[in-house]
Enquirer: 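Handing you this structure, nothing more for now.
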Amino acid sequence: MAVARLHAENRQIINLRALRQIKVGSDLGFRGKDRIRSSTNLMGEEAPEYVLNSFELAACDSESTGCRTATTVGNKMYVVEGSEDGSKSWINVKIFDKLTRSWVFPTVLGIKPVPLKGHSALLLKNGQLLIVKMDSTLDGCIWFLEVDSPFVKEQKKILGTEVVAWSKGVIGNAPKPIVISGPSGVGKGTLINKLMKEFPSRYGFSVSHTTRAPREKELDGVHYHFTERSIMEKDIRDGKFLEFASVHGNLYGTSIEAVEVVTDSGKRCILDIDVQGARSVRASSLDAIFIFITPPSFEELEKRLRARGTETEEQVQKRLRNARAELDEAKYPGLFNHILVNDDLESCYENLEKLLASDETADPLYQSSVKILKAHVSGMESKADHRTLIHCSTSSTNAATHSLLMLDTSSLKGGAPGRTRGLRVYALGSLGDGLNGI
Ligand SMILES: Nc1nc2c(ncn2[C@@H]2O[C@H](COP(=O)(O)OP(=O)(O)O)[C@@H](O)[C@H]2O)c(=O)[nH]1
Ligand SMILES: Nc1ncnc2c1ncn2[C@@H]1O[C@H](COP(=O)(O)OP(=O)(O)O)[C@@H](O)[C@H]1O
């Protein structure tokens, strides 16, 4: 019934949409051969607007010339274009300012959906473009380009340029990442190692970048990505980091990729970062659980730090000074969800395990062999309704079929720079492979 009603509603809207379609491109420097589709501005419009163009009309061109979409938001038109040419693939976002009639090349933050052989775009009410990649699995086809979101507005002020930011859409809710902080020598590493050893397939460690020198037994890419300050600073400017901080005189940071490598492997991500980093993650799009590990006494902390024997006396002194500040900052209300005292190692570990188990009832990660060959997205967002239709041609076996998916964007969490989680996808049309009610 619901499916039939949707189809009926959509047929009416197609006609309205035909009248509203704007043809752009002739005066914008596009080559005549390129096809451009434009979506009208949904921002500020009260009435729900939704469309379903015919598949042939809407399907995006994925020839070797690539694929472009153009979406208007206020006085700006956001052009997303990408192509894969042999071994080279590229993706580009540019903005046409209709007032000055000039092109602007924005700072592009986040991880891009490369390769982008073809795509379809739709402007959502929250200032994000929904981008559906073609020739991609269902799990990898949904992306968001934030063009007018609070995050992008803030970055524009900081960077003084136009900014857009990518995030990948993740179907379902994976369990929240875990941020573990605490003073140097309290036992964070020991507890995390124990957890990873006992549950290697459940937890994965976010490998940070640091400018400090490796310790004797530390391996590059395993304990840290050891890097040069100038390289790390450039990557920070390029928006590759979720957070970073200067700790004990060195630069430390969590790259977006470090977290994504873990979550993409279906594991729960553990971050070992300092209190400043924890604050930044709190303010970011990453929806995490924050745990502070505290020592039974300051004397015991000093004893452990010295017994570890990895620091010079000067470094030990610096770490102890910073430890006092961190222990104070941890009391700041609303920063840490849990504070665990690491007195006896076994009982602290047991408490940590219990705490994590109580939060592990989230949905399993969704994996699908269904491939989106071509797609067209159309929205039906209103204040109460955040559903989007994806009209696509799919393939799960050798045969391609035309299908209709509905994407529920009402409970999205996170966003750029990182992942947009909590997407729900429902199959409305002919999709096999157990897709109904994902
Ligand atoms: N903000 C931030 N802090 C980090 C990161 N990685 C490690 N840290 C913190 O940097 C501090 C020093 O770490 P490290 O040099 O390994 O020394 P340790 O804590 O004495 O083992 C610790 O408080 C870590 O939690 C990161 O990516 N970001
Ligand atoms: N509960 C504990 N009791 C005694 N020693 C501990 C305890 N937890 C950790 N340690 C020891 O303290 C030292 C510092 O621990 P580590 O995990 O390296 O701390 P962090 O990662 O917080 O800097 C290590 O030598 C470790 O074996």
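Whatever order the structure lists ligands and atoms in, that order sets their numbers, starting from 1. The first residue in the sequence is number 1, and the count goes up from there.
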Enquirer: Checking contacts here: is it the side chain or the backbone of Arg215 that comes within 4.0 Å of ligand 1, counting heavy atoms only? Could be both or neither.
Expert: side chain
Enquirer: Under 4.0 Å from any heavy atom of Arg308, which atoms of ligand 1 are there?
Expert: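 Numbered from 1, ligand 1 contributes 18 (P), 20 (O), 21 (O).
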Enquirer: Out of Ser181, Ala323, Gly185, Ser347, whose heavy atom sits nearest atom 23 (O) of ligand 2?
Expert: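 Looking at heavy atoms only, the winner is Gly185.
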Enquirer: Which part of Leu305 is near ligand 2, with near meaning a heavy atom under 4.0 Å away: side chain, backbone, both or neither?
Expert: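 Leu305 to ligand 2: no contact under 4.0 Å from either part.
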Enquirer: Within ligand 1, which atoms have a heavy atom of Gly253 less than 4.0 Å away?
Expert: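 Matching atoms, with element in brackets: 26 (C), 27 (O), 28 (N).
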Enquirer: Within a 6.0 Å radius of atom CD on Glu257, are there more than 12 heavy atoms belonging to other residues, nucleotides or ligands?
Expert: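 Open.
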Enquirer: Does the distance from a Lys or Arg side-chain N to an Asp or Glu carboxylate O, for Glu81 and Lys94, drop under 4.0 Å?
Expert: yes
Enquirer: For atom 27 (O) of ligand 1, tell me which residue out of Ala245, Ser208, Pro214 has the closest non-hydrogen atom.
Expert: Ser208
Enquirer: For atom 14 (P) of ligand 1, grab the closest protein heavy atom and report residue, atom and distance to one decimal in Å.
Expert: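 Checking every protein heavy atom, the shortest distance to atom 14 (P) of ligand 1 gives Tyr224 OH, 3.4 Å.
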Enquirer: Write out the residue and atom name of the closest protein heavy atom to atom 20 (O) of ligand 1, then the distance separating them to 0.1 Å.
Expert: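 Answer for atom 20 (O) of ligand 1: Ser184 OG, 2.4 Å.
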Enquirer: Do Arg229 and Glu233 meet the salt-bridge criterion of a basic N to acidic O distance under 4.0 Å?
Expert: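 So Glu233 pairs with Arg229 through a salt bridge.
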Enquirer: If the condition is ring pair (Phe, Tyr, Trp, His ring centres under 6.0 Å), which residues does Tyr224 pass it with, not counting sequence neighbours?
Expert: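 Once residues adjacent in sequence are excluded, the partners of Tyr224 under the ring pair (Phe, Tyr, Trp, His ring centres under 6.0 Å) criterion are Phe226, Tyr252.
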Enquirer: State whether the number of non-hydrogen atoms from other residues, nucleotides or ligands found under 6.0 Å of Gln317 atom CD is greater than 12.
Expert: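 Yes, the 6.0 Å shell around CD holds more than 12 heavy atoms from other groups.
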Enquirer: Say whether Arg319, considering both its backbone and side-chain N or O atoms, lies within less than 3.5 Å of an N or O atom on ligand 1.
Expert: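 There is such a contact, yes.
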Enquirer: Any idea which protein heavy atom is nearest atom 19 (O) of ligand 1, and the distance to it?
Expert: Lys188 NZ, 3.6 Å
Enquirer: What ring-ring contact (aromatic ring centres under 6.0 Å, His included) pairs are there with at least one residue in residues 317-350, not counting sequence neighbours?
Expert: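 Those involving residues 317-350 are Phe292-Phe336.
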Enquirer: Should we say atom CD of Glu313 is surrounded by more than 12 heavy atoms from elsewhere, each under 6.0 Å from it?
Expert: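 Yes, because the 6.0 Å sphere around CD of Glu313 holds more than 12 heavy atoms from other groups.
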Enquirer: Do ligand 1 and Glu311 have nitrogen or oxygen atoms that lie under 3.5 Å from each other?
Expert: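 N/O-N/O distance below 3.5 Å does not exist for this pair.
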Enquirer: Please identify which atoms of ligand 1 are closer than 4.0 Å to at least one heavy atom of Asp272.
Expert: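 Checking each atom against Asp272, I get 4 (C), 5 (C), 6 (N), 7 (C), 8 (N), 24 (C), 25 (O).
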Enquirer: Heavy-atom pairs closer than 4.0 Å: do any link ligand 1 to the side chain of His248, the backbone, both, or neither?
Expert: side chain
Enquirer: Are any of the N or O atoms of Leu305 closer than 3.5 Å to those of ligand 1?
Expert: no
Enquirer: Quick one: look at Pro183 and ligand 2, take heavy-atom pairs under 4.0 Å, and tell me if it's side chain, backbone, both or neither.
Expert: backbone
Enquirer: Which residue and atom name correspond to the protein heavy atom nearest atom 11 (C) of ligand 1, and how close is it?
Expert: Val247 CG1, 3.7 Å
Enquirer: In this structure, does ligand 2 have an atom that sits under 4.0 Å from one of the heavy atoms of Asp343?
Expert: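 For ligand 2, residue contact (heavy atoms, under 4.0 Å) with Asp343 is present.
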Enquirer: Would you mind checking which non-hydrogen protein atom is closest to atom 3 (N) of ligand 1, with the distance to 0.1 Å?
Expert: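 In this structure, atom 3 (N) of ligand 1 has Asp274 N, 3.1 Å as its nearest protein heavy atom.
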Enquirer: Between Glu302 and Arg306, is there a side-chain N and carboxylate O pair less than 4.0 Å apart?
Expert: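 Yes.
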Enquirer: I'd like to know whether ligand 2 has Ala307 as a neighbour, heavy-atom separation below 4.0 Å.
Expert: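 The answer is no, since Ala307 has no heavy atom less than 4.0 Å from ligand 2.
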Enquirer: Taking only heavy atoms of Gly189, which atoms of ligand 2 are found under 4.0 Å from at least one of them?
Expert: 17 (O), 20 (P), 21 (O)
Enquirer: I'd like to check whether Asn342 has a polar contact with ligand 2, where a contact means an N/O of the residue lying under 3.5 Å from an N/O of the ligand.
Expert: yes
Enquirer: Which of the atoms of ligand 1 are close to Gly277, meaning less than 4.0 Å from one of its heavy atoms?
Expert: 1 (N)
Enquirer: Closest non-hydrogen protein atom to atom 28 (N) of ligand 1, residue and atom name please, with distance?
Expert: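 Scanning the protein heavy atoms, the shortest distance from atom 28 (N) of ligand 1 goes to Glu243 OE2, 2.7 Å.
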Enquirer: Strictly below 4.0 Å, N to O, side chains only: are Asp235 and Lys240 in salt-bridge contact?
Expert: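 Here Asp235 pairs with Lys240 in a salt bridge, since their nearest N and O are under 4.0 Å apart.
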Enquirer: So is there a nitrogen or oxygen of Thr254 less than 3.5 Å from a nitrogen or oxygen in ligand 1?
Expert: yes
